[in-house]
Amino acid sequence: MNNNLVKSIKKTMVVLVLLATGLASFPASGVRADSVQFSDIPANYWAKGGIDSAVKKGIVVGYPSGLFMPNANVSRAEFIKMIVTATGQNVEPTEGKWYEGYVNAAEQAKLYVTSDFANSELEWNAKITRKEMARIAARATGLETKEDDKWMYLAAKTGLISGLGAGKLGEKENTTRAQAVVTVERVLTVKGGGKLPIDKYAVGSAELVWHKTNIFTVMPEIMTTGDPVKDLNAADLWKEDKMKITSKDGLYSAELDELLVIDLADKNDPNLARIPDVATLKWKNTTDNTPDGIKIAGEYLNSYLLYSKGHVNFNNDTKRYSPIGDFTAEFSGLDNYYERVAFVNGHLNAQALVFQKIPFDLPMTILPKSGWKNTSGIYIRVAVPSYSAFYSLRNEILKIAGPNRTQY
């Protein structure tokens, strides 16, 4: 058997494999790609536009039976084939597995690096997760990061990835054919200079995965540097390593697990489900420890709720460091001390403590969207709860200019 015949047989086998997986770059049975109709893709199917477009471009085809099988899972190799084909990478023929040429092209284009997972048949045949898809898609549009937990944030913020409803990312879930095709189409839109709709709930969830906060997504008008260009990357200012603090003498250690921000004016905010019923919450307008307060529901819903979740790793000297209360973040800078009388009289014009039954029973504060003054910029810190100033210590997680900075 001569070499040309061997190559022809191998090429035929590759085509058969691609047809079997719905990944061949030409339509099955000689049907024109722009006229293919799939019996399992109804007219109102969420991904129909993306599927039709991808089929017309030869990125993907259906199965010979007339099905597209949108909910079937996609392997890493299959997705790499889609993205390499769509972005026009040069694919050199190989003597190996059907996907090797596409993998080589992806490596050359830096869509895949070996630190992602091993370059082996077992790994390439594994189902691709939504996080892995997001990472490849982000790279395909020129985005870069050295932080593995940031890829989903970059992809969501660009519109390449949407959530699965109620802010759910599903980063560990397997990718479906429909999701894969739509993502490839979105990559092409971005590369062509287009803009994509953004799922802000998905971005917020992705920011939580990356930084353990969603403050930049939910409060962008407050978490501003004052420079629109710098604001595009303002979230990079967050120092996650400063969320953990250890006392100078090593006898106390604690860390902030999460700083969650909820927009009380947004009835669809997915994180409302993580807090007590807003109707039961009150804000404290005095400094005493009486259970008097003002109900938030109604007049004060045009506000943000800041919910700190933290824990103490150890406290080996309770005489030096307080064992009482939750370990929380300090958010400061937006106040209205010169209008304190109005605050005491029930006008929410500054950050205030939130409680349910008695003060300090919840690690929450409320911040109105307006009415406060910004005199010193915004600071977010964690502190050692020492009884003595000698042992006091603070970690600065964030310092940012904030909006409308004024001087008294």
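What you see below is based on every heavy atom in this structure, not just the backbone, and it leaves out hydrogens, waters and symmetry mates. Bear in mind the structure is a predicted one, so any value in this text is a computation, not a measurement.
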- Message: Suppose we call two aromatic rings close when their centres sit under 6.0 Å apart. Are Trp124 and Tyr102 close by that rule?
- Response: no
- Task: For the pair Lys212 and Asp149, find out whether any cationic side-chain nitrogen is under 4.0 Å from an anionic carboxylate oxygen.
- Result: no
- Query: If only atom types and distance count, is the side chain of Glu207 paired as donor or acceptor with the main-chain N or O of Thr217 below 3.5 Å?
  - Reply: yes
- Message: Under 4.0 Å between a side-chain nitrogen and a carboxylate oxygen: does that hold for Glu173 and Lys168?
- Response: yes
- Task: Find the distance between CH2 (Trp372) and CG (Asn336) and round it off to the nearest 0.5 Å.
- Result: 10.5 Å
- Query: Do Asn313 and Ser253 have side-chain N/O donor and acceptor atoms under 3.5 Å apart?
  - Reply: yes
- Item | Asn214 side chain vs Val261 backbone, donor-acceptor pair below 3.5 Å | yes
- Query: Are Glu330 and Ser332 linked by a side-chain donor-acceptor pair shorter than 3.5 Å?
  - Reply: no
- Residues that Asp249 engages under salt bridge (charged side-chain N to carboxylate O under 4.0 Å, His left out), provided they are two or more places apart: Arg320
- Note on the structure: Taking every heavy atom of Phe68 against every heavy atom of Tyr63, the minimum-distance pair comes out as O-CE1, 3.6 Å
- Query: So, Thr158 side chain and Leu160 main chain: donor-acceptor pair closer than 3.5 Å or not?
  - Reply: no
- Trace of the ring pair (Phe, Tyr, Trp, His ring centres under 6.0 Å) decision for Tyr391 with Tyr252: CA-CA 10 Å; Tyr391 293 104; Tyr252 179 93; over 10 Å; no
- Sidechain-backbone polar pair: Asp361 side chain, Gln356 backbone, donor-acceptor under 3.5 Å: yes
- Task: Determine, for Glu123 against Arg76, whether the closest basic-nitrogen to carboxylate-oxygen distance falls under 4.0 angstrom.
- Result: yes
- Task: Give the minimum heavy-atom separation between Val182 and Gly50, together with the two atoms involved.
- Result: CG2-CA, 4.5 Å
- Query: Would you find a donor on one side and an acceptor on the other, under 3.5 Å apart, between the side chain of Asn104 and the backbone of Val91?
  - Reply: no
- Note on the structure: CE of Met223 to CD1 of Ile215, rounded to nearest 0.5 Å, is 4.0 Å
- Query: Roughly how far, to the nearest 0.5 Å, is CG of Leu164 from OH of Tyr201?
  - Reply: 15.5 Å
- Message: With salt bridge (charged side-chain N to carboxylate O under 4.0 Å, His left out) as the criterion, how do Asp263 and Lys200 come out once you've worked through the C-alpha distance, each side chain's angles and the decisive distance to 0.1 Å?
- Response: CA-CA 12 Å; Asp263 185 350; Lys200 67 176 181 179; 5.4 Å; no
- Please answer whether the main-chain N or O of Ser392 pairs with a side-chain N or O of Ser386 as donor and acceptor at a distance below 3.5 Å. yes
- Ser205 side chain vs Ala202 backbone, donor-acceptor pair below 3.5 Å: no
- Message: With a 3.5 Å distance limit and no angle check, can you tell me whether Ser308 reaches the backbone of Thr328 through a side-chain donor-acceptor pair?
- Response: no
- Message: With rounding to the nearest 0.5 angstrom, report the OG1 to CZ distance, Thr280 to Phe355.
- Response: 11.0 Å
- Task: Would you give the length of the straight line joining atom CG of Asn404 to atom OG1 of Thr375, rounded to the nearest 0.5 angstrom?
- Result: 12.5 Å
- Message: I'd like to know if Glu258 pairs up with Arg274 as an ion pair, taking the criterion as any Lys NZ or Arg NE/NH1/NH2 lying under 4.0 Å from an Asp or Glu carboxylate oxygen.
- Response: yes
- Query: Sub-3.5 Å donor-acceptor pair from the side chain of Asp40 to the main-chain atoms of Met69, do we have one?
  - Reply: yes
- Item | Counterpart residues, salt bridge (charged side-chain N to carboxylate O under 4.0 Å, His left out), relative to Arg340 (two or more places apart) | none
- Query: Which of parallel (below 30°), tilted (30 to 60°) and perpendicular (above 60°) describes His211 and Trp238?
  - Reply: tilted
- Answer with yes or no whether the side chains of Asn125 and Ser75 bring together a donor and an acceptor at under 3.5 Å. no
- Query: Ion pair present between Glu396 and Lys242, side-chain N to carboxylate O less than 4.0 angstrom?
  - Reply: no
- Message: What I want to check is whether the side chains of Thr224 and Asp231 have a donor and an acceptor closer together than 3.5 Å.
- Response: yes
- Message: Given Val278, which partner from the list Leu305, Ile296, Ile262 fulfils the side chain to side chain contact (heavy atoms under 4.5 Å, CB included) test?
- Response: Ile296
- Task: Give me the ring orientation class for Tyr300 and Trp283: parallel if the planes are under 30° apart, tilted from 30 to 60°, perpendicular past 60°.
- Result: perpendicular
- Are the side chain of Arg130 and the backbone of Glu171 linked by a donor-acceptor contact shorter than 3.5 Å? no
- Ionic contact status for Arg135 with Asp116, cut-off 4.0 Å: yes
- Message: Could you check whether Asp52 pairs with Lys56 (Lys NZ or Arg NE/NH1/NH2 to Asp/Glu carboxylate O, under 4.0 Å)?
- Response: no
- Item | Pair Glu221 + Lys369, salt bridge at N-O below 4.0 Å | no
